Amino acid sequence: MDIQYWDKETECLPRKDLEAHQLQALKKIVDQSFKTEFYSKRLKDAGINSGDDIKTLQCIRRIPFTTKHDLRSAFPYGMLAVPKSDVVRLHASSGTTGIPTTIYLTKKDIEAWASYMARCIYATGCTRDDVFQNMITYGLFTGGLGFHYGAEKVGMMVIPSGSGNTARQFKLMQDFETTVVHSTPSFLLHVESKMREEGVKRGSLKLKRAFAGAEPYSEDTRKRIEALLDIDVFNSYGLSEMNGPGVAFECQHKNGLHIWEDGYIAEIIDPDTLEPLPDGEKGELVITILCREASPILRYRTRDITSFYTEPCSCGRTHRRLHRITGRSDDMLIVNGVNLFPSQIEEVIMNMKEVGNNYLIVVEKEGALDRLTVKTEVNADNFMDDSRPMNALKERIARTLQVSISINPRVELHENGSLPVSEGKAVRVIDKRPKDV
Ligand code: AMP
Ligand code: ZN
């Protein structure tokens, strides 16, 4: 296999040099963090007064963790480290509601992000001769523009098709001879079943590769997509707090995701004790971003559960590999690639006077896609046998939820007291999706 590197010197940097770079970059980002209202207090409280207090990479442990809650509490500009006039773009976490977790980028940040993305894309074997159809949501979500800029940097022809509308996706693939697509794994499976349904012949497409991410999926699912579509599928991991995609990606060997350690310091901790775990043990991924000036974020608790490979990859890259994400250490759900906390649903429905006290969130597969159903009880005073007012209420709940969670849920109304009540801790979520990760 011919290995191609976007930036061979950096991608194959000896570990000693990589760690020396990390230490310098960590000192720098700590200094940069002091320019934010949030970190200047947080770091001082932890006894850190400047980057010079970080003497070795192990000193990172003196820095307190940052959580999603911290990002929200600092909204909108408490974590901004540059003058607002230097910011050229903002992004937010998918499906966020109420107070979003927002990150800001300068021109230099966008350039750095695009370079990491280009590195990922190139590592899979793509070149400027490829035609790339970006079948993912554009907008505040980072998956759209993140891949877009990276693919342009590689020199590919980019088709910013966005997500959904399979008929149009097929037409674009055929008209422009798309060779690479990016999407969630569930949308790729959906595309395949639509292909069969609409009689689109595989031979009419030039597809070779797909990048799939934004939600957890198993090795079996990867193999299934690869067999059904006759393509290579590469796992793409990222989160908006750390720019978005471009954090970790599989190389041509498709065996674990290289996390770009010149741009990110990754640690695995025990989510209960918060102590660091030895290499190879499974725990929560904590990341410090080194490659951003506008929004420095130190020791961010991603809540994603994974572990490091202990042996180096045969591609020659020295940046360590992560196992695919197997779950989360919090209750966040990912529905068709969109993040969702059960509390977001609760906030919306409990604000509606017709809604009773009990509700249940059900997530299941409908074909290849995820389907979210919200079952709520209706107060005795508002529950009627007449279906018209009940349907109107159902629609209103669905619409209000959609605005808030960016997912179109199915809503079921139930008579007061009819939903199951669990003894002890309430069970609010039933996730019926196959657990094959
Ligand atoms: P967002 O901030 O909206 O981009 O969502 C980021 C979250 O999506 C991550 O923290 C993960 O929980 C999830 N995610 C992204 N990529 C993957 C992937 N390849 N495998 C599993 N989960 C992923
Ligand atoms: Zn590799």
Side-chain angles (χ1 to χ4, degrees), residues 1 3-6 8 11-12 67-68 71 91-97 100-103 113 119-120 122-125 136-137 139-147 182-186 188 210-219 221-222 225 233-261 266 284-287 289 295 297 300-306 309 311-341 405-407 436-437:
M1 187 188 291
I3 308 283
Q4 57 177 40
Y5 308 95
W6 181 252
K8 185 165 184 189
E11 290 171 50
C12 298
T67 62
K68 216 180 225 326
L71 293 188
H91 277 289
S93 187
S94 67
T96 45
T97 176
T101 53
T102 318
I103 57 119
W113 183 19
R119 210 190 268 185
C120 297
Y122 207 67
T124 65
I136 203 116
T137 316
L140 283 176
F141 178 55
T142 53
L145 288 175
F147 268 89
H182 167 224
S183 165
T184 59
S186 36
L188 285 174
F211 310 133
E215 63 188 14
Y217 61 113
S218 65
E219 190 56 38
T221 300
R222 182 229 297 270
I225 303 171
V233 174
F234 298 86
N235 197 352
S236 153
Y237 170 78
L239 57 161
S240 49
E241 294 83 352
M242 294 292 128
N243 278 347
V247 176
F249 219 88
E250 285 183 321
C251 68
Q252 279 152 290
H253 291 301
K254 295 194 290 192
N255 192 14
L257 302 98
H258 288 281
I259 177 154
W260 301 121
E261 293 182 90
E284 182 184 319
L285 178 65
V286 168
I287 311 182
I289 190 163
S295 295
I297 299 184
Y300 184 67
R301 289 192 61 187
T302 66
R303 299 292 189 159
D304 291 319
I305 303 293
T306 180
Y309 279 73
E311 66 288 350
C313 185
S314 47
C315 70
R317 291 180 179 84
T318 49
H319 302 239
R320 286 179 297 173
R321 285 168 300 156
L322 294 170
H323 283 273
R324 61 173 66 245
I325 310 292
T326 53
R328 304 232 348 138
S329 67
D330 62 7
D331 60 354
M332 189 180 92
L333 296 162
I334 304 184
V335 177
N336 293 322
V338 177
N339 300 351
L340 170 70
F341 287 96
I405 61 177
S406 318
I407 299 168
D436 56 357
V437 176

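In listed order, ligands and their atoms are each counted from 1. Quick caveat: nothing in here was measured; it's all calculated off a predicted structure.
Of all the heavy atoms of Leu257, none lies under 4.0 Å from any atom of ligand 1, so neither backbone nor side chain is involved. Contacts of Ser240 with ligand 1, taken as heavy-atom pairs under 4.0 Å, involve both backbone and side chain.
Distances from atom 1 (P) of ligand 1 to the heavy atoms of Asn235, Leu285, Leu322, Asn339 put Asn339 nearest. Comparing Ala248, Gly238, Gly146, Ser93 by heavy-atom distance to atom 6 (C) of ligand 1, the nearest is Gly238.
The Ser236 neighbourhood of ligand 1 comprises atoms 16 (N), 17 (C), 18 (C), 19 (N), with distances under 4.0 Å to a heavy atom of that residue. For ligand 1, the atoms lying closer than 4.0 Å to a non-hydrogen atom of Ile334 are 8 (O), 12 (O), 13 (C). Set against the non-hydrogen atoms of Leu239, the atoms of ligand 1 under 4.0 Å away are 2 (O), 4 (O), 6 (C), 10 (O). Within ligand 1, counting atoms from 1 as listed, the ones closer than 4.0 Å to a heavy atom of Gly213 are 19 (N). Near Arg328, meaning under 4.0 Å from one of its heavy atoms, ligand 1 places the atoms 10 (O), 12 (O). Atoms of ligand 1 found under 4.0 Å from any heavy atom of Phe141, numbered from 1 in the order shown, are 3 (O), 4 (O).
Side-chain contact check for Glu241 and Tyr300: at least one donor-acceptor pair (N or O, by modelled atom type) lies under 3.5 Å.
The shortest heavy-atom contact between Arg321 and Cys313 is NE-CB, 3.5 Å.
The closest side-chain heavy-atom distance from Leu285 to Leu322 is below 4.5 Å. Using a 4.5 Å heavy-atom cutoff, the side chains of Arg324 and Pro216 are not in contact. Side-chain contact between Gln252 and Ile3: present, with at least one pair of heavy atoms (C-beta onward) separated by less than 4.5 Å.
Of the inter-residue distances, the one linking Lys68 atom NZ with Thr101 atom OG1 reads 4.0 Å to the nearest 0.5 angstrom.
Using modelled atom types, no side-chain atom of Glu250 and backbone atom of His258 make a donor-acceptor pair closer than 3.5 Å.
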| task | Would you check, one step at a time, whether the test side chain to side chain contact (heavy atoms under 4.5 Å, CB included) holds for Ile259 with Val247? | result | CA-CA 6 Å; Ile259 177 154; Val247 176; 3.8 Å; yes
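Considering backbone and side-chain atoms alike, Ile325 places every N or O at 3.5 Å or more from each N or O of ligand 1. Here's the thing with Glu215: one of its N/O atoms is less than 3.5 angstrom from an N/O atom of ligand 1. Residue contacts with ligand 1: Asp304 is placed with a nitrogen or oxygen under 3.5 Å of a nitrogen or oxygen of the ligand (distance criterion only).
The SG atom of Cys313, the Zn ion (ligand 2) and the SG atom of Cys251 define an angle of 110° (nearest 10 degrees).
Here His253 does not reach the Zn ion (ligand 2): none of its N/O/S atoms is less than 2.8 Å from the metal.
Between Phe234 and Phe249, a ring centre-to-centre spacing not shorter than 6.0 Å is recorded. Between Phe141 and His91, the gap from one ring centroid to the other reaches at least 6.0 Å.
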